[in-house]
Amino acid sequence: MSELMDKIDRIEAEGVLPRLGLNGIDVWPLLRVRLIQKTKRTDSLRIREIFSVCRILLNEIVQVVRDLLTLQFLRKSESPTVVFFSHPGCLAKYHRSWYDRYCDPIVDELLSHGMRSEILEYSASTVFKSPTALPRRSVNLPLIFAKVISWPIAMWTKFWRKAELDRIDSLIEEGGIAEFISAAELNKLSAFVLFAKWVLVMRLRLLRCKVGFVCCYYSSSAMAFVAACRTLGVPVYDIQHGVQGQEHVAYHQWVFPDDRSYETLPTGFWCWDNESANCLKQWCTEARGEKVVVGGNVWIEYLFNQLERDDPFYAPSARRRVLISLQPLAQPLRPLLITAIMDSAVDIEWVVRMHPVMTASQVDMIVATLKKVIDEGRLIVQSDEHTPLPLVLPTVSLHVTEFSSVVLESASIGLPSVVLDEKGLMLYRHLTPLGLVYYAGSSSELSRLMDICKPYSDMSPRSGLTESAVRQILLELN
């Protein structure tokens, strides 16, 4: 990762690519965030998922027809609105209802301040889930429309601005990042972001958007939302969802040409803690209108406030429960972890937590591998449709992962984590002196670290950061 960051720093120091535009959109932010490598789904959709997709699309078509017949798309909101731009991957189940981990907690706080809010949903993953209780209006069809009408512009640029595309390809090659993206892909991306921006501008105007929130601002649709907010002069905040520091391509030090910010970057960042905020404050400046707010992990605070403490799941126990948070990697469950599970003491209960975007074939493989321990009643397999993760964390004695950002959530309640990848040791080095992060390179080291496990006793209190952060944002708007 450090090699990639060095390439980014070198390209920004040279200042050529960061100054280029394509189809009216700055090239560099689109290019840079594409350096974030993500695991792609390789298995085919199952029958249940196909029906889910069809149902979602049908509901969207019905919604659009209803809006056309009632002229809803021409009606302006009666009062200013706080708009959230979210996707199904942000949903989690609690008490048989679906909640948006990042939006709903802030929505509730906004309601207490008399603010109206609306969630615009777009598809950013292959995760198909039920809608939440709160209103969510899909913008998938408008974004598909933007995609279609962007094709002629991309084709025009391809043939009539070929020299410019060749120059961008040359600069990408010189920067050593040609394996990630090409000028042809940038051409299509920038054309889509341009049209998606104007589609969303029209929607935000009707909603009388006062402030915008987005999670994972670096998808092309989310960047279009950010650009739409900026076009209307509306502040837009990115809500922290994981590691947010110098080792993450989207949050690593940005160098702005002519000290001008990019229209696809948020004007503000909602952080979980001071450590994350300090990383962003190294390059965010109020002179460019950028703000960094420490609002806490809203999902944790939200759940602690609503927790039903008489649930047997949260009762103090003499057993030591170890949580394994898996990631959508090529090898999500490494051999040393399998060995440690099989050889563990009988008083240890393992909870294996699947990542929301892990493929069905990966899940089946893991269940088959651990079947013996599952049958013995010493291991529980959980998905995000089970008990929400923040409510599982306080009941466990130790957290184990490759390098998942669940480490940060664990640390926020004083729960130690063991990372199995050296990358995790680098990402969370500030937590090592505090005894909140350990490294295990073998099954014997992991077994030895089990000795730091202590039986679960009680839940941790909430911090109240969310309320103060919302008040701060609303105060700046008034």
Contacts of Y439 that satisfy side-chain contact (heavy atoms from CB on, under 4.5 Å) - sequence neighbours left out: V419, E422, L425
Donor-acceptor pair, distance only, cut-off 3.5 Å: does the side chain of S190 make one with the backbone of I25? no
Answer yes or no: is there a donor N or O on one side and an acceptor on the other, between the side chain of W270 and the main chain of V292, under 3.5 Å? no
How far apart are the closest heavy atoms of E12 and V255, and which atoms are they? OE1-N, 3.1 Å
Any side-chain to backbone donor/acceptor pair from Q362 onto L329? Under 3.5 Å, distance only. yes
Could you walk me through whether D169 and S182 pass side-chain contact (heavy atoms from CB on, under 4.5 Å), step by step? CA-CA 6 Å; D169 264 332; S182 65; 3.9 Å; yes
Parallel, tilted or perpendicular: ring planes of W299 versus Y99, cut at 30 and 60 degrees: tilted
Decide if atom CD of E376 counts as having more than 12 heavy atoms of other residues, nucleotides or ligands within a radius under 6.0 Å. yes
Residues in salt bridge (charged side-chain N to carboxylate O under 4.0 Å, His left out) with E109, at least two apart? none
Kindly state whether the ring of F84 and the ring of F225 have centres lying under 6.0 angstrom apart. no
Single hit among V214, L200, L120 for side chain to side chain contact (heavy atoms under 4.5 Å, CB included) with V83: L120
Heavy-atom pair with the smallest gap, counting every atom of L336 and S443: O-CB, 3.4 Å
Exercise: do S417 and Y428 side chains pair donor with acceptor under 3.5 Å: no
Indicate whether any N or O donor in one side chain lies under 3.5 Å from an N or O acceptor in the other, for S361 and D364. no
Taking C-beta and beyond as the side chain, do L165 and L186 meet within less than 4.5 Å on heavy atoms? no
For the pair H252 and D9, evaluate side-chain contact (heavy atoms from CB on, under 4.5 Å) and give the outcome as yes or no after the intermediate values. CA-CA 9 Å; H252 179 76; D9 292 340; 2.8 Å; yes
Are any side-chain N or O atoms of N187 and backbone N or O atoms of A154, one a donor and one an acceptor, separated by less than 3.5 Å? yes
Could you tell me if the side chain of L370 sits less than 4.5 Å from the side chain of L333, heavy atoms only? yes
As an exercise, state the distance from CG of D104 to CG of L110, rounded to the nearest 0.5 Å. 11.0 Å
Among F213, F85, Y102, ring-ring contact (aromatic ring centres under 6.0 Å, His included) partner for Y237: F213
So do the side chains of R320 and V396 get within less than 4.5 Å of each other, counting heavy atoms only? no
Using a 4.5 Å cut-off on heavy atoms from C-beta on, say whether the side chain of R353 contacts that of V406. no
Any chance the side chains of W350 and S344 put a donor and an acceptor closer than 3.5 Å? yes
Tell me yes or no: between the side chains of S444 and S442, is some donor less than 3.5 Å from an acceptor? yes
If we check side-chain hydrogen bond (donor to acceptor under 3.5 Å, both in side chains) with S325, which of these qualifies: H355, Q382, H399? H399
Donor-acceptor under 3.5 Å (Q244 side chain, S276 main chain): no
Tell me whether the rings of H248 and H241 are parallel (<30°), tilted (30 to 60°) or perpendicular (>60°). perpendicular
Between W283 (side chain) and Y251 (backbone), is there a donor-acceptor pair under 3.5 Å? yes
Set out, in order, the CA-CA distance, both residues' side-chain angles and the distance that settles salt bridge (Lys or Arg N to Asp or Glu O under 4.0 Å) for K423 and E247, then state yes or no. CA-CA 10 Å; K423 180 181 178 181; E247 291 80 15; over 6 Å; no
Are Y218 and D238 side-chain neighbours, meaning at least one heavy-atom pair lies under 4.5 Å? no
Under the side-chain hydrogen bond (donor to acceptor under 3.5 Å, both in side chains) test, which residues partner T267, sequence neighbours left out? none
A side-chain contact here means heavy atoms from C-beta on lying under 4.5 Å apart; do R230 and S261 qualify? yes
K291, NZ: over 12 other non-hydrogen atoms inside 6.0 angstrom: yes
